[in-house]
Visitor: 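Quick one: structure below, then a few questions.
Reminder, nothing fancy here: chain letters follow the sequence lines and each chain counts from 1.
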2 protein chains.
Amino acid sequence: MTSRHISLKDLAKELNVSISTVSRALRDHPDISSEVKEKVKQLALSKNYTPNPLAMGLLKQETRMIGVIVPDLVTHFYASIISGIEQVANEMGYFILLASSNESVEKEKQAIENLLKARVEGFIICQTQETQSTEHFEALIERSIPLVFFDRICLSDRVPTVTVDNKAAAQKITQHFYQQGYRRIAFISGPDQLNITKERMAGYLEGLKQSGLPEDPELIEHCNLSFESAKQAMARLLDTANPPDAVFGINDTVAFAAMQKIKERGLKIPDNVGLVGFTDDFHAMVVDPPLTSITHPTYAIGQEAARLFFQSKDNKQYSTPVVLQTQLIIRKSSQKTCHGDHDDAETAW
Amino acid sequence: MTSRHISLKDLAKELNVSISTVSRALRDHPDISSEVKEKVKQLALSKNYTPNPLAMGLLKQETRMIGVIVPDLVTHFYASIISGIEQVANEMGYFILLASSNESVEKEKQAIENLLKARVEGFIICQTQETQSTEHFEALIERSIPLVFFDRICLSDRVPTVTVDNKAAAQKITQHFYQQGYRRIAFISGPDQLNITKERMAGYLEGLKQSGLPEDPELIEHCNLSFESAKQAMARLLDTANPPDAVFGINDTVAFAAMQKIKERGLKIPDNVGLVGFTDDFHAMVVDPPLTSITHPTYAIGQEAARLFFQSKDNKQYSTPVVLQTQLIIRKSSQKTCHGDHDDAETAW
DNA sequence: TATTATCATGCAAAGCTTTGCGCTAAGCTT
DNA sequence: AAGCTTAGCGCAAAGCTTTGCATGATAATA
């Protein structure tokens, strides 16, 4: 029940010196004699003294906490990114305060307010797919509160961002399909306002053009990134007069949903329909057939976002966007012709 | 650069009253006249005043932060539990400080120290599989720092815990296998010191007994819960003279690893080998064939752990262990005989 | 009118740390 | 020996909030 942490005051009392002497002794201030220093340090160690971060925060006006807001916590993609953020933050002596927006702008705003109340020093955010207006972000910028976006971004002229080479990756996918002999390549896309949607769409279209394939509106479907809506999108594709022989899903959830729907229809992957996802590594390997996909360097994305955060906190000046490279990992789901590869063949494009 | 948050002092100055008057006005203290109250509240609202948690923490000696330590952040199981913890914590005006032990006792200890330095008020922990000695936990108990364990527990006579009905669940699995016609039922187990290992083992054995099946040491394998080690365990099972026709994996990772190894050997699930996991719902549905499994109520586990935390913080007295119910969800991977069910048939046992 | 009750507000301390400045005593210079 | 430097340490303020107590003023009572 007694205060569980000991303070400078406690040490000072025990040593019959002033608090300031203790403080300076611990910080090796030249004013303090080496005998006193020694005594103080020893006692501090034995009593397991650690400075009270609340007091320090009050004094220095810093809390050493970063607010991190993601659409959800349970997706491996975000969890892994958060790990990356945490690693760098920890190294810098910072902690993370986590909040999930559940893809709702309202909760996103609420989270920002709550974290602000908790006095986080800034934010690292992946916005919801609903997010259209950017006022709540601009308010942060105006108050010059450090802010970093990753994956889903906006305001990128004023906010440091970290993304992946979405367009190039999507292009690789289309080309890969083409080389495998697929000719009717469909794209299950997401909400239009998201940058990832736009960029992957651009890459998809560019890939078609380069392969000399025509652009066919019937091969482009939209969904809201949920499993169910992705399944419906896949169903619509299969129900067209001239269904696709290859499908590119904008993320892992979408790809898995597509896979399930394709199987339900009794079609074979990769023979009847090729499938490629856009995801991090983990899930792609447990499904059957193993899913060819663009892999995100999720951990690195987190690390990079954290670095950008500290940069913008210290320098106060705009950092140029960071774009990380993805890799196309080719697995069974997109290999129409038998290449003689065994299960774990992984070809970096 | 100027202090980004406004304080009582700011409000007081602007209104030409004392800080204490402002404080009391905001908390509706009867001593303050209603006109002053009105003025103060209005200004506070317009200036967007929120009390500084650092100052409050210093004063009240509470930080409103809970330290949560898990073996890793990226597994859906933990991520979902963390979500549950977060929801309850948020409701109580608390924040979570997350740390991952990476299944290393050293990092677990380190995390406890770091979080203690950050002055968390207590801990919610799922210990590493390495954890043998319990000194670092007992140190917390002695300092009467609130502590709650979930899933992997120890010291349960002194620490509130939340687990699931491991034994009963394991028993159900064995019986289900038996009813499906499987007769050589194997168990891929984990490190012996873990309570989950012991309890599920007990249930497995009890289930065998009830089904009148003999206990065969050859059908019990151990692994360290990693994907690779689980695959090796599965391989060892398949290499025995009389290999199993059914396998119960102690968690999802293990089950997936087993699945992969079984497929590699060209065996069919569920016809040649039945498979059941012990996991939360998410992954079981995306693999092929869909995995029969015991589902953890992960979100509820998190919620319950958080509730227990607050209980032990306030009451200071020991709470009886919480045991949550699991469900056996039957999917394709364990249905030897064709039941005519369609894909999404789910039978609660 | 003098005294008391009541109301509204301010002062100051506590919680913990850092740091500029002031103080004391010892040692040094000339 | 008188004056000056310097080594070594303490005071106090700032950062923000709450709250017991004191203060001041006004209204009510005897």
Visitor: Calculate the interatomic distance between Asp28(A) atom CG and dA7(D) atom P; express it in whole Å.
Guide: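 One finds 16 Å between P of dA7(D) and CG of Asp28(A), rounded.
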Visitor: Can you sort out the partners of Glu91(B) under side-chain contact (heavy atoms from CB on, under 4.5 Å), two or more places apart, ordered by chain and number?
Guide: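 Partners of Glu91(B) under the side-chain contact (heavy atoms from CB on, under 4.5 Å) test: Gln87(B).
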Visitor: Listed by chain and number, what are the side-chain contact (heavy atoms from CB on, under 4.5 Å) partners of Gln110(B), not counting sequence neighbours?
Guide: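 Here the qualifying residues are Asn114(B).
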Visitor: If the condition is side-chain contact (heavy atoms from CB on, under 4.5 Å), which residues does Asn102(A) pass it with, not counting sequence neighbours?
Guide: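 With sequence neighbours excluded, Asn102(A) shows a side-chain contact (heavy atoms from CB on, under 4.5 Å) to Ser100(A), Lys107(A), given in chain and number order.
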Visitor: Calculate, to the nearest 0.5 Å, the distance between atoms NZ and CG belonging to Lys37(B) and Asp31(B) respectively.
Guide: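 Between Lys37(B) NZ and Asp31(B) CG, I get 9.0 Å after rounding to 0.5 Å.
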Visitor: List in chain and number order the residues that pass side chain to side chain donor-acceptor pair (under 3.5 Å) with Arg64(A), two or more places apart in sequence or in another chain; answer none if no residue qualifies.
Guide: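 Listed in chain order: Glu62(A).
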Visitor: Regarding Ser7(A), tell me which of base, sugar-phosphate or nothing describes its non-hydrogen contacts under 4.0 Å with the strands shown.
Guide: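 Sugar-phosphate only.
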Visitor: Report the end-to-end axis angle of the helix from dT1(C)-dA30(D) to dT30(C)-dA1(D); each axis comes from five terminal pairs, and the value is rounded to 10°.
Guide: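 End-to-end axis angle for the helix from dT1(C)-dA30(D) to dT30(C)-dA1(D): 80°, rounded to 10°.
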Visitor: Pairs under 3.5 angstrom only: tabulate donor-acceptor contacts from the side chains of residues 46-54 of chain B to other protein residues two or more places apart or in another chain.
Guide:
| unit_1 | atom_1 | unit_2 | atom_2 | d |
| --- | --- | --- | --- | --- |
| Ser46(B) | OG | Leu43(B) | O | 3.0 |
| Lys47(B) | NZ | Glu14(B) | OE1 | 3.2 |
| Thr50(B) | OG1 | Arg119(A) | NH1 | 2.8 |
| Asn52(B) | OD1 | Leu54(B) | N | 2.7 |
| Asn52(B) | OD1 | Ala55(B) | N | 3.4 |

Visitor: Does the protein touch nucleotides 6-13 of chain C at the base, only the backbone, or not at all? Give it as B, S and - per nucleotide, heavy atoms under 4.0 Å.
Guide: --BBBB--
Visitor: Sort and list the pairs that fulfil salt bridge (Lys or Arg N to Asp or Glu O under 4.0 Å) and have at least one residue in residues 122-141 of chain B, not counting sequence neighbours.
Guide: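 Of all non-adjacent pairs touching residues 122-141 of chain B, those that pass salt bridge (Lys or Arg N to Asp or Glu O under 4.0 Å) are Glu138(B)-Arg158(B).
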Visitor: Under the rule for ring pair (Phe, Tyr, Trp, His ring centres under 6.0 Å), what residues qualify as partners of Phe137(B), not counting sequence neighbours?
Guide: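 By the ring pair (Phe, Tyr, Trp, His ring centres under 6.0 Å) rule, Phe137(B) matches Phe149(B).
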Visitor: Once you round it to whole Å, what is the distance between C1' of dC16(C) and NZ of Lys60(B)?
Guide: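 The answer, rounded to whole Å, is 17 Å.
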Visitor: Listed in order of residue number, which residues of residues 45-56 of chain B have a non-hydrogen atom at under 4.0 Å from DNA chain D?
Guide: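 Close to the strand are Tyr49(B), Pro51(B), Asn52(B), Ala55(B), Met56(B).
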Visitor: Do Ser18(B) and Ser20(B) get their side chains close enough for a donor-acceptor pair, meaning under 3.5 Å?
Guide: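 Side chains of Ser18(B) and Ser20(B): pair found under 3.5 Å.
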Visitor: What's the CG-P distance between Leu58(B) and dT17(C), to the nearest Å?
Guide: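 Spelled out: CG on Leu58(B) to P on dT17(C) is 9 Å.
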Visitor: I need the CD-C1' distance between Glu62(B) and dT17(D), as an integer number of Å.
Guide: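 For the pair Glu62(B) CD and dT17(D) C1', the rounded distance is 13 Å.
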Visitor: Given atom NZ of Lys13(A) and atom P of dC16(C), what is their separation to the nearest angstrom?
Guide: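 Nearest whole value for this atom pair: 10 Å.
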Visitor: Please collect all ring pair (Phe, Tyr, Trp, His ring centres under 6.0 Å) contacts where either partner lies in residues 82-125 of chain B, sequence neighbours excluded, each pair once.
Guide: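 Residue pairs passing ring pair (Phe, Tyr, Trp, His ring centres under 6.0 Å), neighbours aside: Tyr94(B)-Phe310(B).
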Visitor: For Glu103(B), what residues pass the side-chain contact (heavy atoms from CB on, under 4.5 Å) criterion, not counting sequence neighbours?
Guide: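 By the side-chain contact (heavy atoms from CB on, under 4.5 Å) rule, Glu103(B) matches Pro71(B), Thr128(B), Gln129(B), Arg152(B).
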Visitor: Take atom NZ of Lys39(A) and atom P of dG8(D), then tell me their distance rounded to the nearest Å.
Guide: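 Nearest whole value for this atom pair: 14 Å.
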Visitor: Using OP1 and OP2 only, check whether a side-chain N or O of Gln61(B) sits under 4.0 Å from dA14(C).
Guide: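 It does not, given that no N or O in the side chain of Gln61(B) lies less than 4.0 Å from OP1 or OP2 of dA14(C).
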Visitor: Does Lys9(B) put a side-chain nitrogen or oxygen below 4.0 Å from OP1 or OP2 of dG15(D)?
Guide: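 Yes.
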Visitor: Tell me the interatomic distance from Leu8(B), atom CG, to dT19(D), atom P, rounded to whole angstroms.
Guide: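 After rounding, the gap between these two atoms is 12 Å.
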